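These figures come from a predicted structure and were not determined experimentally.
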Amino acid sequence: MAILIRRWHQKTHHMMLISDALGLAVFTVIGVTKALDFGASAIVAVMMGVLTGCGGGAIRDLLSGEVPLVLKKEVYAFAAMAGGALFVASESYIGVNMATLLSAGLVLLLRLLALYKKLSLPRFDLPPISR
C-alpha cells in the first residue's frame with residue numbers, strides 16, 4: 001500500500017508542477033495585457049505580469065503550508081519576466097494573438113526546461129557585514 005501511495009504522490013506532484021508552469025505562463029500574459037490596456041509603460045507591464053504570474057503560485061503554496069516556489073532556487077520569476085518582455089517587444093509587430101501564444105510558450109518552455117533539466121539561476125551571496 002505504501003508503494004502505491006508513494007507512486008500516486010510522485011505522479012500527482014509531477015502533474016502539479018506542469019499545471020503550475022502552465023498557470024504561470026497564462027497569468028503572466030494576462031497580467032501584461034491588462035497592464036498595457038490600462039496604459040502602463042512597458043517595464044511596469046512586465047513587472048505586473050511577473051507579479052500576477054508568481055503571486056498566484058505563492059498564495060497557493062502559502063495556503064498549503066509550503067515554501068513558495070518563487071522563493072526557492074527555481075527559474076520561476078525569470079521565466080515570467082522573459083515571457084512578459086517578449087510580449088511587450090513583439091505585440092506591435094506580430095499582433096496580440098501571436099504575441100500571446102509566443103510569450104506564453106516561452107514561459108512554459110523555460111519553466112519546464114528548468115524542471116526537467118534541474119536548471120537554476122546562479123546564487124548571489126553578499127559578503128558579511130563587519131562591525
Legend entry - salt bridge (Lys or Arg N to Asp or Glu O under 4.0 Å) contacts touching residues 99-112 (sequence neighbours left out): E74-R111
Legend entry - Pairs satisfying side-chain hydrogen bond (donor to acceptor under 3.5 Å, both in side chains), at least one member in residues 77-92, at least two apart: none
Please tabulate, for side-chain N and O atoms in residues 100-110, each donor-acceptor pair with protein atoms closer than 3.5 Å (sequence neighbours left out).
| from | atom 1 | to | atom 2 | distance (Å) |
| --- | --- | --- | --- | --- |
| T100 | OG1 | V96 | O | 2.7 |
| S103 | OG | A99 | O | 2.7 |
| S103 | OG | T100 | O | 3.4 |

Legend entry - Atom pair CG/CG of L69 and L17 - distance to nearest 0.5 Å: 6.5 Å
Inset, instruction - Determine the minimum heavy-atom distance between V70 and A58, stating which atoms define it. - result: CG1-CB, 4.4 Å
Legend entry - Crowding at CE, M16 (>12 non-hydrogen neighbours, <6.0 Å): yes
Inset, instruction - To the nearest 0.5 Å, tell me how far Y76 OH sits from L115 CG. - result: 10.0 Å
Inset, instruction - Could I get the full list of side-chain hydrogen bond (donor to acceptor under 3.5 Å, both in side chains) partners for Y93, not counting sequence neighbours? - result: none
Legend entry - For L63, the rest of its hydrophobic cluster, which grows through side-chain links under 4.5 angstrom: I59
Name each donor-acceptor pair under 3.5 Å that joins a side chain in residues 78-87 to protein atoms two or more places apart or in another chain, with its distance.
none

Inset, instruction - Count the heavy atoms belonging to other residues, nucleotides or ligands that lie under 6.0 Å from CD1 of I43, then report whether that count exceeds 12. - result: no
Which pairs of donor and acceptor atoms, one on a side chain in residues 24-37, lie under 3.5 Å apart (sequence neighbours left out)?
| from | atom 1 | to | atom 2 | distance (Å) |
| --- | --- | --- | --- | --- |
| T28 | OG1 | L24 | O | 2.6 |
| T33 | OG1 | V29 | O | 3.1 |
| T33 | OG1 | I30 | O | 2.9 |

Inset, instruction - If a pair satisfies side-chain hydrogen bond (donor to acceptor under 3.5 Å, both in side chains) and one of its residues is in residues 47-60, list it, with sequence neighbours excluded. - result: D20-R60
Legend entry - Members sharing I129's hydrophobic cluster (side chains within less than 4.5 Å): none
Inset, instruction - Identify, with sequence neighbours excluded, every residue that meets side-chain contact (heavy atoms from CB on, under 4.5 Å) alongside K118. - result: none
Inset, instruction - Provide the full list of salt bridge (Lys or Arg N to Asp or Glu O under 4.0 Å) pairs with a residue in residues 44-59, sequence neighbours left out, each pair given once. - result: none
